[in-house]
Amino acid sequence: QVQLVESGGGLVQAGGSLRLSCTTSGLTFSGCGMGWFRQAPGKEREFVAAISMIGGITYYQKSVRGRFTISRDDAKNTVYLQMDSLKPEDTAVYFCAADLGGPGSNWSSAYDFWGQGTQVTVSS
């Protein structure tokens, strides 16, 4: 059974930092591209960042580039999202996703498995 479990969300003031983790089981993590998406209340789910297998290539949404960093630890089957200089508009539920055998993508339809999400709230 494939599981993706996010953690690390919470409440932070604007300008602060959070580090999200997504630990996976039931899949060959090193063979997956991984992505982070987010969904704010009343809005569509949107791409945040992705990382390829082996971690050689990363992709970011324009609004988070330079503030967020995606990374992965294949030994721990875990992908991370370091979020710095947080803004109130970053408030959302953040989801991780696995692209089996693929490079990761900014398209949600490319992903095969999803986590349940973790809430990030940034106060002004």
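Predicted, not measured: the structure shown is a model, and the values here were computed from it.
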Show every side chain to side chain donor-acceptor pair (under 3.5 Å) that has at least one partner inside residues 95-111, sequence neighbours left out.
none

Counterpart residues, side chain to side chain donor-acceptor pair (under 3.5 Å), relative to E89 (two or more places apart):
none

Can you find a pair of side-chain heavy atoms, one from L27 and one from C32, that are under 4.5 Å apart?
yes

Which of these passes side-chain contact (heavy atoms from CB on, under 4.5 Å) with V48: F95, Y60, Y59, Y94?
Y94

What pair of heavy atoms forms the shortest contact from L4 to V2, and how long is it?
CD1-CG1, 3.7 Å

Across all chains, not counting sequence neighbours, the side-chain contact (heavy atoms from CB on, under 4.5 Å) partners of S25 are Q3

Check whether any side-chain N or O of R72 sits under 3.5 Å from a backbone N or O of S52 as a donor-acceptor pair, and report yes or no.
yes

Could you check whether any side-chain heavy atom of F68 comes within less than 4.5 Å of a side-chain heavy atom of Q61, counting everything from C-beta outward?
no

Test of understanding: with side chain to side chain donor-acceptor pair (under 3.5 Å), list the residues that count as partners of T78, not counting sequence neighbours.
T23

Run the side-chain donor-acceptor check on residues 5-16: report pairs under 3.5 Å with partners two or more places apart or on a different chain.
{"residue": "E6", "atom": "OE1", "partner": "Q116", "partner atom": "N", "Å": "3.1"}
{"residue": "E6", "atom": "OE1", "partner": "Q116", "partner atom": "NE2", "Å": "3.4"}
{"residue": "E6", "atom": "OE1", "partner": "G117", "partner atom": "N", "Å": "2.9"}
{"residue": "E6", "atom": "OE2", "partner": "C96", "partner atom": "N", "Å": "2.9"}
{"residue": "E6", "atom": "OE2", "partner": "G117", "partner atom": "N", "Å": "3.2"}

Show me the donor-acceptor pairs, under 3.5 Å and distance only, between side chains in residues 80-88 and residues at least two apart or in other chains.
{"residue": "Q82", "atom": "NE2", "partner": "D84", "partner atom": "OD1", "Å": "2.9"}
{"residue": "D84", "atom": "OD1", "partner": "S17", "partner atom": "OG", "Å": "2.7"}

Residues in ring-ring contact (aromatic ring centres under 6.0 Å, His included) with F47, at least two apart?
F37

Applying side chain to side chain donor-acceptor pair (under 3.5 Å), can you list everything that pairs with S30, at least two apart in sequence or on another chain?
none

Let me see the working for I70 and V79 under side chain to side chain contact (heavy atoms under 4.5 Å, CB included), right down to the final yes or no.
CA-CA 7 Å; I70 189 170; V79 62; 3.9 Å; yes

Might you work through the side chain to side chain contact (heavy atoms under 4.5 Å, CB included) test for F113 and L100, ending with a clear yes or no?
CA-CA 8 Å; F113 297 99; L100 298 183; 3.3 Å; yes

Those residues at least two apart in sequence (or on a different chain) that pass salt bridge (Lys or Arg N to Asp or Glu O under 4.0 Å) with D90 are R38, R67

